[in-house]
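Right, one structure below, let's go through it.
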Amino acid sequence: MAEQIRWARTHCARMDHGGCTLLVGVRDNEIIQIKGDPEGYLNRGYTCYKGTVSAERLYHPDRLKYPLRRVGRRGEGKWEKISWERALEITAESLLAIREKYGARAVGFGAGMPKGLEHFVLIRLANLFGSPNVIASQDVCHAPREVSGVHTCGFYPVADLHNPTKLILSWASNLLSTSEEGQIAGLLLEQLKNGTELIVVDPRRTELAQKADLWLQLRPGTAQALALGFLHVIIEEGLYDADFVHNYTYGFEDLARRVKAFDPQTVAAITWVSPDLIQKAARRYAAARPAALQWGNGIEHDINAFDAARSLICLMAVCGNLEVPGGNINAHDPKIMGLGEFVRADLIPDKRKEMLGAFHGTIPKLMTVPPAYFRKAVLEATPYPVRGYYGMCTNPLVAWADSRVTYEAFMNLDFIAVAEIFMTPTASLADIVFPVAHQYEMNDIGHYGIGHGLILARPKIVDPPPECWPDIKIMNELGKRISDPQYWHDDFETFLEDVLRPSGMTYADFVQKGWLKGPDRFGLHREKGFRTPSGKVELKLSTAEKFRLKPLPEFSGLPEEDDPDYPLILISAKSRYYLLSSYRWVEKLRSKRPRPIIEIHPQTAEAFGIAEGDEVVVSTKYGEITQSARVTDIVHPRVVSGALGWWFPESGPENQFEWRRSNFNMLTSIEKLGREFGTPNIQNLPCRIRKA
Ligand SMILES: Nc1nc2c(c(=O)[nH]1)N[C@H]1C(S)=C(S)[C@@H](COP(=O)(O)OP(=O)(O)OC[C@H]3O[C@@H](n4cnc5c(=O)[nH]c(N)nc54)[C@H](O)[C@@H]3O)O[C@H]1N2
Ligand SMILES: Nc1nc2c(c(=O)[nH]1)N[C@H]1C(S)=C(S)[C@@H](COP(=O)(O)OP(=O)(O)OC[C@H]3O[C@@H](n4cnc5c(=O)[nH]c(N)nc54)[C@H](O)[C@@H]3O)O[C@H]1N2
Ligand code: SF4
Ligand SMILES: [Mo]
């Protein structure tokens, strides 16, 4: 007789940054239904479609189930099954041989978007091995916001959607599709239902833009000019919080001088937003107290990311919205183990000097290596050779800018190990592939280190296939072979207990409770000032000279100059059905979005002779791909919005799943990089289109 259905509570993960509390129905070790928990802290019953079908990931017949070793040429797609013991041994021997010959820094440890606790175990592994080089996508994801925040006001100012706010300024963010960092769409929708005003700055008329009181359809890549325009209006009209500015900011006079030139007419010419709308939006943001600025990836995707982030923090500050409920806050962690201690940063004191990024002058406090510099090191041995790679939770061949260079670099490495749930374009280039246990199949802690002051329990609900191991277990065993075993545990789950120990809780207690949040402490600056060298919010950076940073935010031009051969501007946005390049093989997701879609305005489509559903060749000066046309006026006539993260699982590993055909990063390049974060232009590129 079939077992009764059993319901378990956990938190969604690995479909975006995660966060919704889920009720998961299980029978006979199989998940048969998933729904939102009405009592969930972040979601109160909300889920998106991805979350509800997320268990499908576990049951695909082609899921990786055994460790594999490459036979044949790299990338040929020929594998043999091997034992765990053998796979770990080969990996350890290969990495140790590289360390012996070139030094520990010649191995890069690759992580993707942080998915769970394994992210920090990877950093620990790198540190213990002795390599300062953790390669991550922070160049285009969150570092510009976080690190610029730390330099400007001493913390990463996140929008507080938990307390009532008068106005939400959504700037290059699309929470209704992305729920990023646990800023769940449900939280935002609830605020709107309660009458919160909404201003959206986005080149696309997103679903969120359609709900907005004001929508500013800016020219892609001009966020910093628009923000300086807002500051101009607010400062010239005296709408700023004079008390806060006087007591808690440094360099206001200089900022005021800087923004003088950014009058609404000038800014309108750069950003395409009318002077009237700029004034209106700036006045409303300044008048609403508190107002929360929810910023997103769209400001971090070109070489000007630092200026964009800096100008927006200045905006929050002069309007008195920092550290107030319903504004932009410093979310304090609960009493858990600090990240530095967890990753054993103490064991690698020279990290900052030795990291690949540091040689290229990246900003202090950026502690991962921008992928562009990793590939340079592999291909040119500058500033020193890098020959080995261990990667997990990432698919660089599709996710990093300039896939051609990524391919060359991976083909050039001496050794590659990849931990994956499914064979991907990147994994297909590996020497060893480790099959992982996934969400629902292992105990995990979410949102550790993400900066919103919250950790979430993600307990195991079903058993994984017998030979699939959690990433943490893989690294715990590899760690014993490539570093001092005393720093690793008998049982990998002890890492979960380590994180929680300062709270006085066991992992079992934590699962019972579900989540842990730090204390709400607003207005701490009134007692202690801001944690910057001047003790104030540094509108002008007091450390600018020392760190070779721009003291004031500026607009130094478009990320790429206009080019008559490429008359359109190419952007992209995350798909609500996928996570970046992940899960094209999950049928319930693929059926919702079977093909990569490029959005084209009706006038533009007509001018180029393109109809709905046509295959379209999209080119930039760097490359060319094909996607299917959707004719829609949600984009500006001069802008097209392509789909990112595409590869074709059905095409097989011998073709590396046709990663060239529709992959957005065939159109991007690492020729030009923003110095602070090594950010390439992965959007806002001149392009052209034609019918295939
Ligand atoms: N052009 C362009 N490029 C972009 C972006 C963009 O907007 N445009 N976005 C950028 C951003 S914001 C980011 S964060 C990066 C993301 O870059 P990545 O994180 O590298 O991208 P993903 O496609 O999410 O790759 C994740 C891989 O991890 C695997 N995976 C999932 N769960 C697990 C697990 O539990 N264990 C292991 N070992 N593997 C797992 C998935 O199968 C998938 O192959 O991409 C960046 N690249
Ligand atoms: N469904 C889903 N959810 C996800 C992800 C996913 O792939 N799919 N990825 C996760 C990850 S890794 C991240 S980092 C977050 C990202 O979360 P978001 O930041 O919300 O997502 P994006 O879609 O990258 O960008 C947001 C908006 O920026 C706009 N934009 C593009 N260019 C510009 C510009 O030049 N200026 C301005 N002002 N706006 C611009 C886009 O039109 C888009 O609507 O989402 C996470 N959640
Ligand atoms: S919004 Fe994110 S956390 Fe919530 S169900 Fe969807 S994928 Fe999961
Ligand atoms: Mo991201």
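Remember, it's a predicted structure, so these values are computed and weren't measured experimentally. Whatever order the structure lists ligands and atoms in, that order sets their numbers, starting from 1. Residues take their numbers from the sequence shown, with the count starting at 1.
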Pairs under 3.5 Å, nitrogen or oxygen of ligand 1 with protein nitrogen or oxygen:
| from | atom 1 | to | atom 2 | distance (Å) |
| --- | --- | --- | --- | --- |
| ligand 1 | 1 (N) | Asn665 | OD1 | 2.9 |
| ligand 1 | 3 (N) | Asn665 | ND2 | 3.2 |
| ligand 1 | 7 (O) | Lys574 | NZ | 2.8 |
| ligand 1 | 9 (N) | Lys574 | NZ | 3.2 |
| ligand 1 | 19 (O) | Met113 | N | 2.8 |
| ligand 1 | 19 (O) | Lys115 | NZ | 3.4 |
| ligand 1 | 20 (O) | Thr394 | OG1 | 2.6 |
| ligand 1 | 20 (O) | Asn395 | N | 3.0 |
| ligand 1 | 23 (O) | Ser581 | N | 2.7 |
| ligand 1 | 23 (O) | Ser581 | OG | 2.5 |
| ligand 1 | 23 (O) | Ser582 | N | 3.4 |
| ligand 1 | 23 (O) | Ser582 | OG | 3.4 |
| ligand 1 | 24 (O) | Ser582 | OG | 3.1 |
| ligand 1 | 28 (O) | Thr394 | N | 3.4 |
| ligand 1 | 35 (O) | Arg14 | NH1 | 2.6 |
| ligand 1 | 35 (O) | His438 | ND1 | 3.4 |
| ligand 1 | 36 (N) | Asp471 | OD2 | 2.6 |
| ligand 1 | 38 (N) | Cys393 | N | 3.3 |
| ligand 1 | 38 (N) | Ala419 | O | 2.9 |
| ligand 1 | 38 (N) | Asp471 | OD1 | 3.0 |
| ligand 1 | 38 (N) | Asp471 | OD2 | 3.2 |
| ligand 1 | 39 (N) | Cys393 | N | 3.4 |
| ligand 1 | 42 (O) | Glu420 | OE1 | 2.8 |
| ligand 1 | 42 (O) | Glu420 | OE2 | 3.4 |
| ligand 1 | 44 (O) | Glu420 | OE2 | 2.5 |
| ligand 1 | 47 (N) | Ala399 | O | 2.6 |

Query raised in the report: Looking at Trp84, is Lys473 sitting on its ring face, NZ or CZ under 6.0 Å from the six-membered ring centre and within 45 degrees of the normal?
Result: no
Distance filter under 4.0 Å to [X] heavy atoms, resulting ligand 3 atoms:
| X | answer |
| --- | --- |
| Cys20 | 1 (S), 3 (S), 4 (Fe), 5 (S) |
| Ser179 | 1 (S) |
| Lys50 | 7 (S) |
| Met15 | 7 (S) |
| Gly19 | 3 (S) |
| Gly18 | 3 (S) |

Requested in this report: Would you tell me whether Ser179 and Asp16 have side-chain atoms, one donor and one acceptor, within less than 3.5 Å of each other?
Outcome: no
Report task. Assess the side chains of Thr679 and Asp139: does a donor N or O sit below 3.5 Å from an acceptor N or O? Result -> no
Report task. Look at atom 8 (Fe) of ligand 3 and say which protein heavy atom is nearest, naming residue and atom and giving the distance to 0.1 Å. Result -> Cys12 SG, 2.3 Å
Requested in this report: State yes or no: are the ring centers of Tyr389 and Phe374 separated by less than 6.0 Å?
Outcome: yes
Query raised in the report: Does Trp659 have its ring centroid less than 6.0 Å away from the ring centroid of Tyr407?
Result: yes
Query raised in the report: Would you say Cys48 reaches atom 6 (Fe) of ligand 3 with an N/O/S atom under 2.8 Å?
Result: yes
Parallel, tilted or perpendicular: ring planes of [X] versus [Y], cut at 30 and 60 degrees:
| X | Y | value |
| --- | --- | --- |
| Phe648 | Trp646 | tilted |
| Phe422 | Trp647 | tilted |
| Tyr448 | Phe120 | perpendicular |

Query - Non-hydrogen atom of Asn43 closer than 4.0 Å to ligand 3 - result: no
Report summary line: In short, Leu187 meets Gly182 closest at the heavy-atom pair CD1-O, 4.2 Å
Query raised in the report: Taking all non-hydrogen atoms of both residues, which atom of Leu356 and which atom of Asn133 are closest, and how far apart?
Result: N-OD1, 3.0 Å
Report task. Could you pull out the atom name of the N/O/S atom in Asp16 that is nearest atom 2 (Fe) of ligand 3? Result -> OD2
Query - Candidates Lys460, Arg14, Gln439 - the one meeting side-chain hydrogen bond (donor to acceptor under 3.5 Å, both in side chains) with Asp444 - result: Arg14
